[in-house]
Amino acid sequence: MKVVLKEKNALYPLPVALIGTEIDGKPNFITIAHLGIGAMDMVTLGMNKAHYSNQGIITNREFSINIPSCDMATETDYIGMVSGSAIDKSGVFKIFRGLLKHAPMIENAPVTMECTLVDHYDYKTHDLFVGKVEKIYAEENILTNGTIDVAKVRPMLFDMHQRKYWKIGEPFADAWSIGKKYSR
């Protein structure tokens, strides 16, 4: 028997990301888990309007997405607990720059993406940003056969309901393959 829950969303856990922006010429980062894939080269970020980082994305039309490993949990959680409007977060991580001028990236994040803002949807309480991925940077040691290996990245997952970070487990089936076994 199913019960009706009070939660408004059941899509958790979601991957954790550190979004890099630049505000008044200074790097700033925010921890979010409300992000998604809009198309193969497009991403979405859902961010509460109260976040300081939103103004950097809107003003510069550029941002980075940095995928932290589980080893970065302390810094990642800290970045999400404090606001860049009150605390200078530019020194928490060693940063590097790529193609885009206003999209600071985190050097020790296993995977980073530079994005340009394509669209901005202004909702009552949240901004929904749609970005185009311009470049992806990955540590060589997290690649298998030239592609990102999620087991080597060891990304953090966030569960809003339990307020916990999770790790990814083992793969259990091959996509676009296991379904061939289906029969009526």
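None of these values were measured; they are calculated from a predicted model.
- Across all their heavy atoms, Met105 and Gly98 have their closest contact at CE-N, 3.4 Å.
- Leu18 is listed as a side-chain neighbour of Thr76, based on a closest heavy-atom distance under 4.5 Å.
- Taking 4.5 Å as the limit, some side-chain heavy atom of Ile136 sits within range of a side-chain heavy atom of Val133.
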Check the pair Ile65, Leu35 against side-chain contact (heavy atoms from CB on, under 4.5 Å), reporting the backbone distance first and the verdict last. CA-CA 10 Å; Ile65 299 175; Leu35 69 160; 4.1 Å; yes

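- Ile79 and Ile19 end up in different hydrophobic clusters when Ile, Leu, Val, Met, Phe, Trp and Tyr side chains are linked at under 4.5 Å.
- You'll find the side chain of Ile58 reaches within 4.5 Å of the side chain of His120, heavy atoms only.
- Contact annotation: the side chain of Pro155 never approaches that of Pro15 to less than 4.5 Å [non-hydrogen atoms, C-beta and beyond].
- Residues Val16 and Thr31 have side chains in contact (heavy-atom distance under 4.5 Å, counting atoms from C-beta outward).
- Residues satisfying the side chain to side chain contact (heavy atoms under 4.5 Å, CB included) test with Ser85, not counting sequence neighbours, are Tyr52, Ser83.
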Could you check Leu45 against Ile57 for side-chain contact (heavy atoms from CB on, under 4.5 Å), going step by step and ending with a plain yes or no? CA-CA 11 Å; Leu45 309 175; Ile57 295 172; 4.1 Å; yes

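- In this structure, Tyr121 has its ring center no closer than 6.0 Å to that of Phe129.
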What's the verdict on side-chain hydrogen bond (donor to acceptor under 3.5 Å, both in side chains) for Glu114 and Tyr137, showing C-alpha distance, side-chain angles and the deciding distance? CA-CA 8 Å; Glu114 289 180 293; Tyr137 303 85; 2.8 Å; yes

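- Taking hydrophobic clusters as Ile, Leu, Val, Met, Phe, Trp and Tyr residues chained together by side-chain heavy-atom distances below 4.5 Å, Met156 does not share a cluster with Ile148.
- Between Phe29 and Phe93, the gap from one ring centroid to the other is short of 6.0 Å.
- Atoms CD and CD1, from Glu140 and Ile142 in turn, are 10.0 Å apart once rounded to the nearest 0.5 Å.
- Two different hydrophobic clusters hold Leu14 and Leu5 under the rule that ILVMFWY side chains link at heavy-atom gaps under 4.5 Å.
- Residues Val43 and Val130 have side chains not in contact (no heavy-atom distance under 4.5 Å, counting atoms from C-beta outward).
- Residues Ile95 and Ile30 do not share a hydrophobic cluster, defined by chaining ILVMFWY side chains whose heavy atoms lie under 4.5 Å apart.
- Put simply, the side chain of Lys132 never gets that close to the backbone of Leu117: no donor and acceptor are under 3.5 Å apart.
- The ring of Phe158 has its center no closer than 6.0 angstrom to the ring center of His34.
- Under the 3.5 Å distance criterion, the side-chain polar atoms of Asn66 are matched with a main-chain donor or acceptor of Ile106.
- Of the N and O atoms on the side chains of Glu22 and His102, at least one donor lies less than 3.5 Å from an acceptor on the other residue.
- No path of Ile, Leu, Val, Met, Phe, Trp and Tyr side chains, each step under 4.5 Å between heavy atoms, connects Met72 with Val153, placing them in separate hydrophobic clusters.
- In this structure a side-chain-to-backbone donor-acceptor pair under 3.5 Å is missing from Lys94 to Asn108.
- With hydrogens and angles ignored, the 3.5 Å screen pairs no side-chain donor or acceptor of Thr21 with any backbone N or O of Gly56.
- Side-chain atoms of Arg61 do not come within 3.5 Å of backbone N or O of Thr116 as any donor-acceptor pair.
- Under 3.5 Å, the side chains of Thr125 and Lys49 contain no donor-acceptor pair of N or O atoms.
- Rounding to the nearest 0.5 Å gives a distance of 8.0 Å between CE of Met81 and OH of Tyr78.
- Between the CE atom of Met160 and the CG atom of Leu11 there is a distance of 12.0 Å, given to the nearest 0.5 Å.
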As a quick check of understanding, evaluate side-chain contact (heavy atoms from CB on, under 4.5 Å) for Thr144 and Lys152, giving each step before the final call. CA-CA 9 Å; Thr144 299; Lys152 292 178 181 177; 2.9 Å; yes

Apply side-chain contact (heavy atoms from CB on, under 4.5 Å) to residues Ile37 and Met42 and explain how you reach the verdict. CA-CA 6 Å; Ile37 298 171; Met42 303 292 277; over 6 Å; no

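- Between Lys89 and Val82 the shortest heavy-atom distance is NZ-O, 2.9 Å.
- Taking all atoms of both residues into account, the shortest heavy-atom contact from Glu62 to Ala103 is OE1-N, 3.9 Å.
- Counting heavy atoms of neighbouring residues, nucleotides and ligands inside a 6.0 Å radius, atom CG of Asp24 does not exceed 12 of them.
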side-chain hydrogen bond (donor to acceptor under 3.5 Å, both in side chains) for Asp159 and Tyr165? Distances and angles first, verdict last. CA-CA 6 Å; Asp159 177 6; Tyr165 294 115; over 6 Å; no

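- Residue Leu100 holds its CG atom at 10.5 Å from CG of Asn60, rounded to the nearest 0.5 Å.
- In this structure, Asn54 contributes its side chain and Asn48 its backbone to a donor-acceptor pair below 3.5 Å.
- Side-chain contact between Arg97 and Pro27 is present, with at least one heavy-atom pair separated by less than 4.5 Å.
- Going from atom CG of Asn28 over to atom CD of Gln55 covers 8.5 Å, rounded to the nearest 0.5 Å.
- In this structure, Ser64 contributes its side chain and Met113 its backbone to no donor-acceptor pair below 3.5 Å.
- The closest donor-acceptor contact from the side chain of His161 to the backbone of Asn9 lies under 3.5 Å.
- Although no hydrogens or angles enter the test, the distance criterion places no donor-acceptor pair under 3.5 Å between the side chain of Glu134 and the main chain of Cys115.
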